[in-house]
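All remarks here apply to the structure that follows.
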Amino acid sequence: IYREQVSKRTGTLARSARVETFVGGRRNDRWCSRLIIDAPHALPHEEGVGIHAGSTGEGAAQQPANDLNIVLNMLGAL
């Protein structure tokens, strides 16, 4: 779902996303999943650049995309 939601100017961010599933929890009694995004610009894309106190972002400020929040809200509505 994240791959479909994320903006695709170059497609690098969408292609770098993958999901791992594993047995976990406190007693290893449930399936868990982890979304991994390997693109180097994934964090600035999701959190924004130059808008936080002490930000080292140079140039124009970039607002966060919030793609991950949108996907989590979609999953929560199921």
Side-chain angles (χ1 to χ4, degrees):
I1 297 172
Y2 181 82
R3 283 183 178 177
E4 295 301 318
Q5 177 64 39
V6 71
S7 58
K8 297 176 187 73
R9 190 175 311 146
T10 64
T12 304
L13 196 56
R15 281 193 307 273
S16 75
R18 69 181 190 280
V19 174
E20 292 180 353
T21 57
F22 56 95
V23 176
R26 193 176 311 160
R27 291 174 278 183
N28 287 325
D29 59 348
R30 64 194 72 204
W31 281 100
C32 300
S33 63
R34 178 182 302 133
L35 173 64
I36 300 167
I37 306 167
D38 291 329
H41 60 284
L43 188 59
H45 174 81
E46 283 298 323
E47 298 296 325
V49 175
I51 59 171
H52 309 291
S55 177
T56 59
E58 297 178 9
Q62 173 187 331
Q63 294 299 316
N66 294 322
D67 294 323
L68 183 56
N69 285 341
I70 292 169
V71 171
L72 293 174
N73 288 337
M74 291 169 70
L75 292 172
L78 295 177

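- Of all non-hydrogen atoms in C32 and G25, the two that sit nearest each other are SG-N, 3.9 Å.
- L35 and L43 fall into different hydrophobic clusters, where Ile, Leu, Val, Met, Phe, Trp and Tyr residues are linked whenever their side-chain heavy atoms come under 4.5 Å apart, directly or through other members.
- Of all the heavy atoms in A39 and S16, the pair that sits closest is N-OG, 3.2 Å.
- Rounding to the nearest 0.5 angstrom, the gap separating the CG atom in L68 from the CD atom in E46 is 5.0 Å.
- The OG1 atom of T10 sits 5.0 Å away from the NE2 atom of H41 when rounded to the nearest 0.5 Å.
- For the pair I37 and V6, the minimum side-chain heavy-atom distance is 4.5 Å or more.
- For the residue pair R15 and R3, the shortest heavy atom distance occurs at O-NH2, 4.0 Å.
- The number of heavy atoms from other shown groups lying within 6.0 Å of CD (E20) is above 12.
- With rounding to the nearest 0.5 angstrom, the CG atom of L75 is 12.5 Å from the CD1 atom of I70.
- For the atom pair CG of L13 and OH of Y2, the computed distance is 4.0 Å after rounding to the nearest 0.5 Å.
- Of the inter-residue distances, the one linking L72 atom CG with D67 atom CG reads 11.0 Å to the nearest 0.5 angstrom.
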